[in-house]
Amino acid sequence: MSRGKGVTEPENPTHVGINSYGVACAVSRAQPMDAKELRGVAADLMRAISESAVQRGAKDIGHIKAYLEYPGGFLHANTVGDPADISVEGNDGPPTKALRLTVNAVVFGLDAPAVRAATEASMKKVFEKFRLQREPDKPQQTRNPGGDTP
Amino acid sequence: MKLVQIAGYLGSGKTTLILTLVKELSGGGSKVAVLVNDVGEVSVDGRVMEKYGLAVKDIGGGCICCQVAGNMRKTLELLAKNYRPDVTIVEPTGIAVPNAVREIAQTLAPKNNMRIGVTVVLFDTSRAEKLLGYDTLKRLVSTQLRDADIIALNKVDVASNEKIEQSRAAVQQINPQAEIVRLSNRTGEGVQTIAQAVREITMKA
């Protein structure tokens, strides 16, 4: 069995039913966002993706994570689906008009396109709420380590 | 180089525990590296750890227990050769099977002066019913728990005593040999116990 760099191997059967979607993009706004607003963006993203995945039939929110980086500051947010237990931590920086956002959603009980749809729809909703502009996308990835939902 | 694995299902608190553990171990003079593997193609954990000043190697593109096992092998060899940490903490994905990761490391150990240390598997007590409720999920979580030397019942600060005791009974049934530790990344309960287990293997050089 070849195990060189970049060589992928067969997936473990225990991964069945767990699918993920990851996206990284640049986001901007004409007016600067302060630390409170940025934390609000992170928390709302966690809540929206989680709710959207559940509405689409997810059996369990495996883990939804986001990382926001901007000049002088960064935030990381995560949730396992409980709206009361969304965590947003990091180092607040000065107000910013631009940031880099990375989102990773891993869900049990939804197929890969549905995880992607839940994530993208939620990002759009949150961006609209905060009047954020998404810069042209870099290639995005959908991962399907578990194959079809059981 | 000693290898310690902090495993467990998605969202069980692995990254947060590692951030604390590394501070503990580095404070004691150990040179610590972290090898992290996210499920998605886009890494979040590695970036967060780097921001907190950790020496991190990030493996993406799949799970190190199966799809990108070769990348893990190569990364460990390079770490041992070029960075020479006292301890490398491996954080596999939340869907990884710890024994598969350990087996990969074991094949490298003789040639690379590596010692395989403890496998700590975190269990989210606040989600016990879900994790052990769905058949497919239970199969994965049980497999992870069976591979543990130490099972950390995490989030004991938010779970009720009843849930914690139910979790303890359930995991004990799955793996009667494992040491069971109460853990709270928020309050720090249990962190010293795990740090000590890691130190013990570090001192057995």
Side-chain angles (χ1 to χ4, degrees), chain A residues 1-24 59-67 69 73-82 84-85 87 89-91 100 102-109 115 138-143 145-146 149-150, chain B residues 9-16 19 38-52 59-75 78 93-97 100 104 107 124 126-127 130-131 133-137 139-144 155 158 185-186:
Chain A
M1 192 184 296
S2 172
R3 288 180 185 268
K5 185 173 169 58
V7 175
T8 59
E9 304 204 357
E11 291 157 350
N12 196 307
T14 56
H15 298 174
V16 169
I18 297 167
N19 291 297
S20 74
Y21 176 67
V23 56
K59 291 179 181 168
D60 180 53
I61 300 301
H63 203 172
I64 296 166
K65 298 182 261 191
Y67 176 72
E69 188 166 20
F74 73 94
L75 292 173
H76 52 103
N78 73 83
T79 183
V80 293
D82 180 354
D85 197 24
S87 113
E89 292 175 56
N91 290 340
R100 182 94 193 143
T102 305
V103 177
N104 207 348
V106 191
V107 177
F108 172 67
V115 180
K138 295 206 166 178
Q140 298 159 22
Q141 298 85 17
T142 300
R143 289 241 333 105
T149 298
Chain B
Y9 183 64
L10 300 156
S12 57
K14 299 181 291 295
T15 304
T16 312
L19 287 170
D38 255 334
V39 176
E41 297 281 345
V42 186
S43 171
V44 170
D45 292 344
R47 289 174 200 207
V48 171
M49 287 178 180
E50 276 176 0
K51 276 288 173 188
Y52 284 111
I59 298 179
C63 183
I64 53 172
C65 88
C66 49
Q67 298 150 307
V68 290
N71 290 12
M72 176 189 158
R73 185 184 290 259
K74 190 144 194 151
T75 305
L78 289 172
T93 68
I95 59 174
V97 174
I104 294 161
T107 62
D124 181 350
S126 68
R127 286 198 287 166
K130 264 191 181 178
L131 299 180
Y134 296 118
D135 280 349
T136 324
L137 208 51
R139 186 165 62 133
L140 168 62
V141 173
S142 300
T143 302
Q144 292 177 332
K155 306 188 188 178
V158 291
N185 280 324
R186 280 190 188 155

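Every chain is numbered from 1 and lettered A, B, ... according to where its sequence line falls, protein lines coming before strand lines.
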Region of [X] in contact with chain B, defined by heavy-atom distances below 4.5 Å:
X: A:Ala105; answer: neither
X: A:Asn78; answer: neither
X: A:Ile64; answer: neither

What's the separation between atom [atom1] in [X] and atom [atom2] in [Y], rounded to the nearest 0.5 Å?
X: A:Ser20; Y: B:Ile95; atom1: OG; atom2: CD1; answer: 7.5 Å
X: A:Asp60; Y: B:Leu131; atom1: CG; atom2: CG; answer: 6.5 Å
X: B:Thr136; Y: A:Ile18; atom1: OG1; atom2: CD1; answer: 8.5 Å
X: A:Lys59; Y: B:Lys130; atom1: NZ; atom2: NZ; answer: 11.5 Å
X: B:Glu50; Y: A:Tyr67; atom1: CD; atom2: OH; answer: 8.0 Å

Problem set entry | chain A interface, residue from B:Val141, B:Thr143, B:Val97, B:Thr93 that has the most non-hydrogen pairs under 4.5 Å |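 Of the candidates given, the most pairs with chain A belong to B:Val97.
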For this session: Quick one: which of B:Gln144, B:Lys51, B:Arg47 has the most heavy-atom pairs under 4.5 Å with chain A, could you say?
Result: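 The option with the most such pairs is B:Lys51.
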Exercise. Would you call the rings of B:Tyr52 and A:His76 parallel, tilted or perpendicular, where under 30° means parallel and over 60° means perpendicular?
Worked result: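 If you compare the ring of B:Tyr52 with that of A:His76, the planes turn out perpendicular.
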For [X] against [Y], the heavy-atom pair lying closest together:
X: A:Ala24; Y: B:Val42; result: CB-CG1, 4.2 Å
X: A:Val80; Y: B:Gly11; result: CG1-CA, 3.5 Å
X: B:Asp45; Y: A:Lys65; result: OD2-NZ, 2.9 Å
X: A:His15; Y: B:Cys66; result: CE1-SG, 3.3 Å

Exercise. Is it true that a side-chain atom of A:Asn104 and a backbone atom of B:Val44 form a donor plus acceptor pair closer than 3.5 Å?
Worked result: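 It does not hold such a pair.
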